[in-house]
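Contents: one structure, followed by commentary.
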Amino acid sequence: MASYYQKEIETASQEQIRAWQDERLVNTVNHVWNNNEYYRNKMKAAGLEPGDIRSRDDLWKLPFITKDDLREAYPFGLMSAPLSDCVRIHSTSGTTGKRVVAFYTQEDIDLWDDCCARALVAAGATPDDVCQVCYGYGLFTGGFGLNGGSQKVGCLTLPMSSGNTERQLQFMTDLGATILCCTPSYAEYLAESIEEKGMRDQIKLKAGIFGAEAWTEEMRHDIERRLGIKAYDIYGLTELSGPGVAYECEEQTGMHINEDHFIVETIDPETGMVLPEGSRGEIVFTSITKKAFPLLRYRTKDIAILKRGTCSCGRTFVKMSKPMGRSDDMLIIRGVNVFPSQIEEVLLAQGLTSNYQILVDRAGTTDSFEVRVEMTPELFSDKIDSIHKIEADIVGALKDMLGIVAKVSIVEPKSIIRSEGKAVRVIDTRKLY
Amino acid sequence: MAIRQLSVFAENKNGALYEITKSLAAARIDIRAFSIADTANFGVLRMLVKEPTKAAQVLSENGNIVSVDDVVGVKIPDIAGGLSDILRITTAKNISIAYLYAFVSRETGNAYVILRVDNNDHVEEILEAEGCTLLREEDLH
């Protein structure tokens, strides 16, 4: 028995969705043209002016926005509302030391909260629920996003952020949490802790909303079994506000994209050509209701398949599959986006021009992250202390850059595998897709 | 006056040590003293050889990471208390020692101690003032 947060919208006809998209796309194109020099220049360079975009049929004409644009525009280049209207930023990793900064007006936040609320209601949340939000709060969008959605639904919201397992479990049991929102690997970790403490029968959870990293159907079933809940997927990016771009319904066969807020396309990552719906390709989103930081044709680099059709839940929004991979080299480690180029930048700044390799694995529930670097004559010392200091400096610099702690191992020269003359940079032995 | 010490980086991997000693043997380099500092993942080998520059070159060409550093050497009587007496001095004078190692010599009655310190000249001055006999590289080979 489906419930909806915004029924008329979530079950709107295809014609209605189309009409919203046409109108809002035109509004957004005009908005960025009038308010943002970077966009104006980008459109002019493509020989375009707002009048050329009359409906979503003209979307393909617009140039893509990528992480490179975001790096170039850092920090205010893509802000499209006056500073006085912007009330918050969130931030995520860029491909280098320049982070991505996303801006929000109060209205942007409000609409984003609506999207997350839709996800929560689709997972069965009501004002009688107690929603434990264990995504990180701060620059990361997970915490704030689900928090906002939870409050809109009217759940009692527990803004836990991540970490401090003792307290998580204490509140989970004492306050009777019924909904859990966190990364899938954190959910596994909590499940394990609950099992170890023999607390399973004290848990009142009925559903969970998990995202921010890739997870398989196998992991879903594992989480559902161990916590006794129904586990729902959620998708989003900081660049598109945060979680809530797409969300699963009780069918759990893909995530409904909030098409009144986003126009989605699938493209061939090599050529940029738009592919027919149903093809496997890179997902591209255009935000059509954001004011402070709307992105047109933003290349997510996530590979997925779109599926349009009737869903037993009654929602008419197109569904996207779980991401099946990436068209770039970005990794998500412990829920954090990591680009090998960031690591390279850190190593170069430490005076290490040597070969490096990134090893990612998941032994239990947490990702292990190791950076192996070849020793060079400049860095070598007969004193162990000095070598350890270099390792510690790299760990510190990586933590500052990425926000997570890596294990750093200095290894012998030429010990990092080269394949056909090219060093293998990333060895990721996790089974994520 | 200081003694030149050769140090080599070795990853904690099967064969790492063997490869190094094999290279030195092939170049006919005799090792007078050998010490190794180990951590979980790697070791630093420290050696006294007759031609440290040549040895460094041989190992570098073989892909090893090496360093040649000056260390302080002292002769001590090869009797109970010999090493302790040196440390009595360095402790009394507050000399910070990064590491040290000792080995027997071909000289009857004397053993040698190598000290890695921050300021070689300063430490040598102190030891000589206390009546110690400093080692010279010629004594070793």
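The chains referred to below are lettered A, B, ... by the order of the sequence lines, with proteins before strands, and numbering in each begins at 1.
Within the 4.5 Å cutoff, no side-chain heavy atoms of Tyr99(B) are placed close to those of Ile384(A). For the pair Pro413(A) and Ile65(B), the minimum side-chain heavy-atom distance is below 4.5 Å. Contact of the Phe42(B) side chain with the Ser409(A) side chain is not registered, since no non-hydrogen atoms from C-beta on lie closer than 4.5 Å.
For chain A, the nearby parts of Ser67(B) are the backbone and the side chain; heavy atoms of each come within less than 4.5 Å. Heavy atoms closer than 4.5 Å to chain A are found nowhere in Val68(B), neither backbone nor side chain. Residue Ala98(B) touches chain A through its side chain alone, counting heavy-atom pairs closer than 4.5 Å.
Residue Asp69(B) holds its CG atom at 8.5 Å from NZ of Lys383(A), rounded to the nearest 0.5 Å. Between atom CG of residue Asp382(A) and atom CZ of residue Arg116(B) there is a gap of 4.0 Å, rounded to the nearest 0.5 Å. Taken from CG in Asn41(B) to CD in Glu391(A), the straight-line distance is 7.0 Å, to the nearest 0.5 Å. Annotation: the span from Thr39(B) atom OG1 to Ile410(A) atom CD1 amounts to 10.0 Å, rounded to 0.5 Å. Residue Glu11(B) holds its CD atom at 6.0 Å from CZ of Arg372(A), rounded to the nearest 0.5 Å.
Residues Phe380(A) and Val44(B) share a closest heavy-atom pair of CZ-CG1, 4.0 Å.
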